[in-house]
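Given the structure is predicted, the values throughout are model-derived calculations rather than measurements.
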Amino acid sequence: MRKIHWNAVASVYTNSENALWPELTFDDGHRSDVEIAAPLLQSRGLTARFFITAGWTGTKTGYMGWPEVRSLHEAGFSIGAHGWSHKLLTHCSDAELQTELSRSRLTLEEKLGTPVPTMSLPGGRCNRRVLAACAAAGYTQVYTSVPRAELLPLGATVGRLNIFGSMQPEWVATLFEPESRFLSKLERNYRMKAAAKRLLGDRLYARLWALVNRREPESDGGGEGTE
């Protein structure tokens, strides 16, 4: 059976009436995004945003080539950047940040013939330096991994919630009930984990997380994230 890679993430938006609704996004640029996810979305009249790791496109097995990325764009899906080589941006030097942010955006714009003003953060890692670098590289909106509801119109950063295959539809549905407070709880948990990562460092945190969950550490030190 072919393994399907889906890094599906949802942003949750709200308005003045406290109504909640999602925007579905996909990170990295796996081939399964265009072969499976996109047709399923189209069959239901839905759209999504695909964040592409530009340096992997057409060069890495299991990931889309430029014709597939263009086909998503031409089908009406939104395309954003996900760095050049998926480096954690908080670990990058100034020169590496320039490559990860500017080279990825300019390459996507050249290949697609359209502005690419959105960026999602590899591994969800960010700090003030990274956000300033994103703005300097021409991004007007940066999608993070903070699970929270965003008030429209959107600001410069947009929170997101990881969607796992183990999540039951009924549980996901409760996220969009304003009275459930699930998102608030998830945001608190996220901020506690982020504080632990800052205190312990990515590598030690990933080892401890893997030990507790009896899993191999993620290659990028991402721990529980799937970004």
For a side-chain contact (heavy atoms from CB on, under 4.5 Å) check, start with the C-alpha distance between E23 and R49, then their side-chain angles and the critical distance, and finish with the verdict. CA-CA 8 Å; E23 177 191 35; R49 190 179 298 272; 3.0 Å; yes
Any F50 side-chain heavy atom under 4.5 Å of D28 side chain: no
Please find the pair of heavy atoms, one from N162 and one from M167, that lie closest to each other, and give the distance. O-CE, 3.1 Å
Pairs in or reaching into residues 60-81: which pass side-chain hydrogen bond (donor to acceptor under 3.5 Å, both in side chains), with residues at least two apart or in two chains? none
Hits for salt bridge (charged side-chain N to carboxylate O under 4.0 Å, His left out) against K87, two or more places apart or cross-chain, chain-then-number order -> E96
Given a cutoff of under 4.5 Å between side-chain heavy atoms of I, L, V, M, F, W and Y, with clusters grown through shared members, what are the other residues clustered with V158? Y13, W21, F51, Y143, L152, L154
Determine whether L108 and I52 make a side-chain contact, defined as any pair of heavy atoms from C-beta on separated by less than 4.5 Å. yes
Would a hydrophobic clustering, with Ile, Leu, Val, Met, Phe, Trp and Tyr connected at side-chain separations under 4.5 Å, put L112 with L106? no
Only distances under 3.5 Å count here; give the side-chain donor-acceptor pairs of residues 116-123 to other protein atoms, sequence neighbours excluded, each with its distance to 0.1 Å.
from: S120; atom 1: OG; to: D27; atom 2: OD1; distance (Å): 3.2
from: S120; atom 1: OG; to: H82; atom 2: ND1; distance (Å): 2.6

Derivation of the side-chain contact (heavy atoms from CB on, under 4.5 Å) call for I79 and L72: CA-CA 8 Å; I79 303 296; L72 286 176; 4.0 Å; yes
Please test S85 against T53 for side-chain contact (heavy atoms from CB on, under 4.5 Å), starting from the C-alpha separation and ending with a verdict. CA-CA 6 Å; S85 64; T53 306; 5.5 Å; no
Write out all pairs satisfying ring-ring contact (aromatic ring centres under 6.0 Å, His included) with one or both partners inside residues 92-120, taking only residues at least two apart or from two chains. none
Validation row: V146, E187 side chains within 4.5 angstrom (heavy atoms): yes
My understanding is that only residues two or more places apart in sequence, or in another chain, count here; which of them pass side-chain hydrogen bond (donor to acceptor under 3.5 Å, both in side chains) with S104? Y139
Can you list the residues that meet the side-chain hydrogen bond (donor to acceptor under 3.5 Å, both in side chains) rule with E109, with sequence neighbours excluded? R105
Any donor and acceptor pair, going by atom type alone, linking the side chain of S11 with main-chain N or O of G159 inside 3.5 Å? yes
Under 3.5 Å, is there a donor-acceptor pair between the T144 and R160 side chains? no
side-chain contact (heavy atoms from CB on, under 4.5 Å) with A75: which residues, sequence neighbours excluded? Q42, F77
Residues that R128 engages under side-chain contact (heavy atoms from CB on, under 4.5 Å), provided they are two or more places apart: none
Sequence neighbours left out, what passes side-chain hydrogen bond (donor to acceptor under 3.5 Å, both in side chains) with R188? Give chain and number order. none
Side chains of L41 and T47: does their closest heavy-atom pair fall under 4.5 Å? no
Residues which pass side-chain hydrogen bond (donor to acceptor under 3.5 Å, both in side chains) with R148, listed by chain and number, not counting sequence neighbours: E150, T157
Ignoring hydrogens and angles, tell me if any N or O in the side chain of N127 forms a donor-acceptor pair with the backbone of R129 under 3.5 Å. yes
Does R125 form a side-chain contact (heavy atoms from CB on, under 4.5 Å) with L89? I'd like the steps, not just the answer. CA-CA 6 Å; R125 301 300 198 279; L89 300 181; 5.8 Å; no
Would you say W56 and W84 are hydrophobically clustered, going by side-chain heavy atoms of ILVMFWY under 4.5 Å? no
Residues in salt bridge (charged side-chain N to carboxylate O under 4.0 Å, His left out) with R103, at least two apart? none
